[in-house]
Amino acid sequence: MIQYICRDLAQALRYLPYGLATGIPVAVIVLLVVNTRRKRMGKTPLKWLPGILFGIYFAVLMAITFLSRESGSRSGAMDLELFSTWGINDRNNAYVIENVLLFIPYGFLCGWNFIGARNLFRCAALGAVTSFGIEWMQLTTGRGYFQIDDILTNILGTVIGWIIFRILWSQGELRNLSP
């Protein structure tokens with residue numbers, strides 16, 4: 001199972017250039033617009049580093065979940081049975097673990113970027129909404145299967161990422177770099 005995870009993580013790194021090429025410009029534009037508005041309202045501007053890292057991560061996430069598959073290659077597939085993926089074989093177990101790993105940065109970066117997401121339940125809810133959106137778009141475009149297991153494992157990854165954020169936040173490691 002470990003060999004599957006290592007190979008899949010190495011393959012996912014090929015999407016980093018896409019993340020850099022699209023995530024940085026989009027994040028910069030969004031931050032410019034948001035900070036201009038915040039200044040007009042008398043609020044302090046948001047920090048750049050967390051926003052740019054979130055933009056890169058989100059672009060890579062979209063590339064992994066959509067560009068790694070051909071359109072229509074998995075059309076109409078929906079699995080609403082809980083825990084149907086785990087235990088079938090090492091390959092499927094690796095997919096489950098990879099789904100958790102994929103969303104750990106999401107929980108971390110949401111907590112770091114969005115003041116409202118510094119609450120565990122709000123952050124987990126954002127992870128659930130994002131995961132559901134990805135699963136729905138995969139179903140409608142035929143680029144993936146809609147699986148309840150994926151949503152649950154993505155929420156678990158979000159919670160783990162949020163816990164890591166809170167540990168670093170409580171130690172003061174991220175406070176100078178946060179909005």
Side-chain angles (χ1 to χ4, degrees), residues 5 8-9 12-13 15-66 82-83 85-86 95-138 144 146-179:
I5 294 170
D8 291 345
L9 288 175
L13 287 176
Y15 296 106
L16 188 56
Y18 297 109
L20 293 170
T22 59
I24 291 173
V26 169
V28 167
I29 291 167
V30 168
L31 282 166
L32 284 170
V33 170
V34 168
N35 281 341
T36 301
R37 186 167 185 216
R38 288 180 66 88
K39 285 178 187 176
R40 274 194 243 135
M41 296 172 66
K43 296 180 180 180
T44 55
L46 300 177
K47 302 286 183 179
W48 287 86
L49 181 62
I52 289 174
L53 290 177
F54 186 82
I56 294 168
Y57 164 75
F58 201 77
V60 169
L61 176 67
M62 292 299 107
I64 289 170
T65 56
F66 293 105
L82 283 176
F83 311 115
T85 310
W86 186 261
Y95 286 144
V96 170
I97 292 169
E98 290 166 11
N99 272 323
V100 173
L101 294 174
L102 185 64
F103 267 70
I104 289 174
Y106 186 87
F108 180 88
L109 291 169
C110 275
W112 194 15
N113 272 285
F114 310 115
I115 293 169
R118 294 193 180 142
N119 172 291
L120 173 61
F121 297 107
R122 287 183 188 153
C123 190
L126 283 172
V129 167
T130 301
S131 181
F132 181 84
I134 289 170
E135 293 297 313
W136 184 258
M137 290 189 323
Q138 285 180 338
F146 185 101
Q147 294 180 292
I148 292 295
D149 284 357
D150 286 356
I151 294 171
L152 291 177
T153 54
N154 292 345
I155 293 169
L156 176 60
T158 300
V159 169
I160 292 169
W162 182 87
I163 290 169
I164 294 168
F165 161 76
R166 288 304 295 185
I167 290 168
L168 293 173
W169 181 262
S170 68
Q171 294 175 351
E173 300 295 328
L174 301 173
R175 290 184 192 261
N176 293 337
L177 302 170
S178 296

**Main-chain N/O of Leu82 paired with Asp149 side-chain donor or acceptor, under 3.5 Å** = no
**Request:** Say whether, by atom type as modelled, one donor and one acceptor occur between the side chain of Trp112 and the main chain of Leu49 under 3.5 angstrom.
**Result:** no
Taking all heavy atoms of [X] and all of [Y], pick out the closest pair and write down the distance.
X      : Y      : value
Arg118 : Arg166 : O-NH1, 3.8 Å
Arg122 : Ala117 : CB-CA, 4.5 Å
Glu135 : Gln147 : OE1-N, 3.0 Å
Pro50  : Asn113 : O-ND2, 2.9 Å
Gly55  : Ala27  : CA-CB, 4.2 Å

First locate atom [atom1] of [X], then atom [atom2] of [Y], and finally report the distance between them rounded to the nearest 0.5 Å.
X      : Y      : atom1 : atom2 : answer
Leu109 : Ile56  : CG    : CD1   : 9.5 Å
Asp150 : Glu98  : CG    : CD    : 11.0 Å
Leu120 : Thr158 : CG    : OG1   : 10.0 Å

**Complete:** For residues 20-32, the side chain to side chain donor-acceptor pair (under 3.5 Å) pairs (sequence neighbours left out) are none
Flag the pair [X] / [Y] as yes when at least one side-chain heavy-atom distance between them is below 4.5 Å, and no otherwise.
X      : Y      : result
Phe103 : Leu61  : yes
Thr65  : Tyr15  : no
Gln138 : Phe146 : no
Trp48  : Val28  : yes
Leu9   : Leu13  : no
Tyr95  : Ile5   : no
Val60  : Leu16  : yes

**Request:** State which residues pass side-chain contact (heavy atoms from CB on, under 4.5 Å) with Val34; sequence neighbours excluded, sorted by chain then number.
**Result:** Val30, Arg38, Leu46
**Message:** Taking side-chain contact (heavy atoms from CB on, under 4.5 Å) as the definition, give me every residue that meets it alongside Ile160, ordered by chain and number, with sequence neighbours left out.
**Reply:** Val100, Ile104, Leu156, Ile164
**Request:** Determine, stepwise, if the pair Ile64 / Tyr18 fulfils side chain to side chain contact (heavy atoms under 4.5 Å, CB included).
**Result:** CA-CA 10 Å; Ile64 289 170; Tyr18 297 109; over 6 Å; no
**Prompt:** How would you list, by chain and number, every residue that makes a side-chain hydrogen bond (donor to acceptor under 3.5 Å, both in side chains) with Asn35, sequence neighbours excluded?
**Reply:** none
**Message:** Once side-chain hydrogen bond (donor to acceptor under 3.5 Å, both in side chains) is applied, do any residues pair with Tyr57, and if so which ones, sequence neighbours excluded?
**Reply:** none
When the side chains of residues 123-134 are checked against the rest of the protein, which donor-acceptor pairs come out under 3.5 Å, sequence neighbours left out?
unit_1, atom_1, unit_2, atom_2, d
Thr130, OG1, Tyr106, OH, 2.6
Thr130, OG1, Leu126, O, 2.9
Ser131, OG, Asn154, ND2, 2.8

**Asked** Does a sphere of radius 6.0 Å around CH2 in Trp136 hold more than 12 heavy atoms from other residues, nucleotides or ligands, not counting ones at 6.0 Å or beyond?
**Response** no
**Request:** Go through the steps for Leu31 and Ile52 under the test side chain to side chain contact (heavy atoms under 4.5 Å, CB included), then give the verdict.
**Result:** CA-CA 8 Å; Leu31 282 166; Ile52 289 174; 4.3 Å; yes
